[in-house]
**Student:** 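Pasting a structure below so you can have a look.
Below, chains carry the letters A, B, ... as their sequence lines are ordered, and counting in each starts from 1.
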Protein chains: 2
Amino acid sequence: MPDNLSHNTVEVALTPWERFAEYLHIRNKRITQQRRVLLDLVFEAHEHFDADDLVVRLGPTDAGKKIGRATIYRTLNELVEAGLLRRMVISGRSVYEHDYGYPQHDHLHCTACNRLIEFRNAELVALRDTVAMKHSFRATGHRFIILGLCRACQARYSGP
Amino acid sequence: MPDNLSHNTVEVALTPWERFAEYLHIRNKRITQQRRVLLDLVFEAHEHFDADDLVVRLGPTDAGKKIGRATIYRTLNELVEAGLLRRMVISGRSVYEHDYGYPQHDHLHCTACNRLIEFRNAELVALRDTVAMKHSFRATGHRFIILGLCRACQARYSGP
DNA sequence: TTTCATGCAAAATGTTTGCACACGA
DNA sequence: TCGTGTGCAAACATTTTGCATGAAA
């Protein structure tokens, strides 16, 4: 396994689009306008977002091109299944981020301002696998979130 | 070899009851029948449970001793705030376990049978604090769940 | 021309809240 | 007594689903 931890992307053979097309083709699913628009929107930038963000970003502008909430949810599930997006649950709502072509990482979650800060730590995966092996468990993934206060919020909460 | 986590305890000065009473007293909250019944029920055994489990364990109609769902949710929130219970979210629902008088640990979650297996690892907290410090983040806690297949489910899914 | 996908609204889920009454301190 | 707590039902927020229509292949 190559150590790409010090770079911002991971080399991948296919573009997200090629990969999604492949995923759809294998399951006899169709390449529709909606899936096209959503995938482009989602891979426009490296951000954390939720279903509602997409609704907002689609909403007022494209008057004729309205995509229903249900389709957004359905497509997000497909993108997760296709390995393009990673889902995590932050205070009760699903939050998504790029997974394909993006290095493995985890998050610090500021419980005051709700910001998510990414970090990478190679030891963590090693630790995970050690623990899993000790319990005859076959690890397929993990969720690790460090909760606390970011620097800005520490300052804010200890007076001016 | 499993390390019998469920029979270990941490020495604490107060019983859960004393601690809850103290918590309530400080906030001018009252020791009611319902809170009494719920705390006893919750500390009856070391298990993972959710709100619905409590509803079921309280029975259909305890001769007029019915405790409403709302009260159960309200009390669980108090028990978490009081530091007696720890809450984690497993596939969209809140799951609780003892926190007070119970050693720090994390979980392996079998995504096939939904079982939660506890493990302890001292390195993890060290790692957490190292990462937090590197980001000027004040860590107050973390959530770490290793996802995968437990031994039984690995066997089940690779044929007999 | 046959599936499959979409939009809409309704349903499902898990939890919280408003309110009138009940009860603990 | 007085302020909290409770049960109930309704509200909530997010996500899923049933169904008739519309669009890929």
Side-chain angles (χ1 to χ4, degrees), chain A residues 17 20-42 48-59 62-82 85 87-96 114, chain B residues 17 20-42 48-82 85 87-96 114:
Chain A
W17 240 113
F20 193 37
E22 183 180 80
Y23 165 88
L24 292 174
H25 186 251
I26 288 170
R27 328 209 157 200
N28 281 315
K29 292 178 162 216
R30 291 170 186 176
I31 295 176
T32 62
Q33 270 310 310
Q34 289 87 336
R35 299 212 246 241
R36 225 188 290 268
V37 169
L38 285 172
L39 184 59
D40 286 348
L41 191 61
V42 153
H48 298 105
F49 63 93
D50 63 17
D52 227 51
D53 292 332
L54 296 183
V55 174
V56 171
R57 286 168 64 192
L58 285 169
D62 307 314
K65 286 183 169 185
K66 193 154 179 13
I67 298 182
R69 273 196 142 66
T71 299
I72 291 175
Y73 280 106
R74 283 187 279 234
T75 305
L76 284 172
N77 286 336
E78 290 165 343
L79 292 176
V80 169
E81 253 215 43
L85 293 182
R87 186 204 324 264
M88 65 203 121
V89 177
I90 301 292
S91 31
R93 66 199 316 129
S94 287
V95 175
Y96 302 85
N114 229 36
Chain B
W17 240 112
F20 194 37
E22 183 180 80
Y23 166 88
L24 292 173
H25 186 250
I26 288 169
R27 327 209 158 200
N28 280 314
K29 292 179 162 216
R30 291 166 186 176
I31 296 176
T32 62
Q33 269 309 310
Q34 289 86 336
R35 299 213 247 241
R36 225 189 289 269
V37 169
L38 285 172
L39 184 60
D40 286 347
L41 192 61
V42 153
H48 299 105
F49 62 93
D50 62 17
D52 228 53
D53 292 332
L54 295 184
V55 174
V56 171
R57 286 168 64 193
L58 282 170
T61 330
D62 255 10
K65 277 187 164 188
K66 190 151 173 34
I67 298 181
R69 273 197 141 68
T71 299
I72 291 175
Y73 280 105
R74 284 187 278 236
T75 304
L76 284 171
N77 286 336
E78 290 165 343
L79 292 175
V80 169
E81 253 216 42
L85 293 182
R87 186 205 323 264
M88 65 203 121
V89 177
I90 301 293
S91 30
R93 66 205 308 131
S94 287
V95 175
Y96 301 86
N114 230 36

**Student:** Partners of A/D50 by salt bridge (Lys or Arg N to Asp or Glu O under 4.0 Å), sequence neighbours excluded?
**Tutor:**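 Partners of A/D50 under the salt bridge (Lys or Arg N to Asp or Glu O under 4.0 Å) test: A/R93.
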
**Student:** Considering all heavy atoms of both residues, which atom of A/N114 and which atom of A/S91 are nearest to each other, and what is their separation?
**Tutor:**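 Between these two residues, the closest heavy atoms are OD1-OG, 4.3 Å.
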
**Student:** A/R27 and salt bridge (Lys or Arg N to Asp or Glu O under 4.0 Å): which partner among A/E78, A/E81, A/E22?
**Tutor:**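 Option passing the salt bridge (Lys or Arg N to Asp or Glu O under 4.0 Å) with A/R27: A/E81.
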
**Student:** Under 4.0 angstrom, heavy atoms only, what part of the nucleic acid is A/R30 near: base, sugar-phosphate, or nothing?
**Tutor:**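 If one applies the 4.0 Å heavy-atom cut-off, A/R30 turns out to touch a base.
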
**Student:** Please report, rounded to the nearest Å, how far the P atom of D/dG22 is from the NZ atom of A/K66.
**Tutor:**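 My rounded result for the distance is 17 Å.
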
**Student:** To the nearest Å, how far apart are A/E78 CD and C/dT6 P?
**Tutor:**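 My rounded result for the distance is 7 Å.
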
**Student:** Is there a donor and acceptor pair, one atom on the side chain of A/R74 and one on the base of C/dG7, closer than 3.5 Å?
**Tutor:**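 Yes, a donor-acceptor pair under 3.5 Å.
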
**Student:** Under 4.0 Å between a side-chain N or O of A/Y73 and OP1 or OP2 of D/dT15?
**Tutor:**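 A/Y73 to D/dT15 OP1/OP2: side-chain N or O found under 4.0 Å.
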
**Student:** Remember a base hit wins even if backbone is also touched, and classify B/R35 as base, sugar-phosphate or nothing at under 4.0 Å, heavy atoms.
**Tutor:**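 Here B/R35 touches the backbone only, sparing every base.
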
**Student:** With the side chain of A/K29 defined as its heavy atoms from C-beta on, choose the nearest nucleotide among C/dA5, C/dT6, D/dG5.
**Tutor:**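 Of C/dA5, C/dT6, D/dG5, C/dA5 is nearest to the side chain of A/K29.
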
**Student:** Taking OP1 and OP2 of D/dT14, is either one under 4.0 Å from a side-chain nitrogen or oxygen of A/S94?
**Tutor:**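 Checking D/dT14 against A/S94, no side-chain N or O comes under 4.0 Å of OP1 or OP2.
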
**Student:** Which nucleotide in the set D/dT6, C/dG7, D/dC8 lies at the smallest distance from any side-chain heavy atom of B/A70?
**Tutor:**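 The closest nucleotide is D/dC8.
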
**Student:** Quick check: closest heavy atoms across A/L24 and A/R30, and the distance to 0.1 Å?
**Tutor:**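 That closest heavy-atom pairing would be CD1-O, 3.9 Å.
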
**Student:** Does a side-chain N or O from A/T32 land closer than 4.0 Å to OP1 or OP2 of C/dC4, or not?
**Tutor:**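 False: A/T32 side-chain N/O out of range (4.0 Å or more) of C/dC4 OP1/OP2.
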
**Student:** Kindly say if A/Q33 contacts the phosphate of D/dG22, meaning a side-chain N or O under 4.0 Å from OP1 or OP2.
**Tutor:**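 False: A/Q33 side-chain N/O out of range (4.0 Å or more) of D/dG22 OP1/OP2.
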
**Student:** In whole angstroms, how far is the P atom of D/dT17 from the CD1 atom of A/I72?
**Tutor:**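 It is 17 Å, rounded to the nearest whole Å.
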
**Student:** If you pin B/I31 and B/A51 to their nearest nucleotides in DNA chain C, which one's is more 5'?
**Tutor:**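 In this pair, the answer is B/A51.
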
**Student:** Indicate, with a heavy-atom threshold strictly under 4.0 Å, whether A/N28 touches base, sugar-phosphate, or nothing.
**Tutor:**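 Sugar-phosphate, backbone atoms only, no base.
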
**Student:** To the nearest Å, how far apart are A/H25 NE2 and C/dA5 P?
**Tutor:**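 Nearest whole value for this atom pair: 13 Å.
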
**Student:** Base, sugar-phosphate, or nothing: which does B/N77 touch, judged by heavy atoms less than 4.0 Å apart?
**Tutor:**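 The answer is sugar-phosphate, as B/N77 gets under 4.0 Å only of primed atoms, P, OP1 or OP2.
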
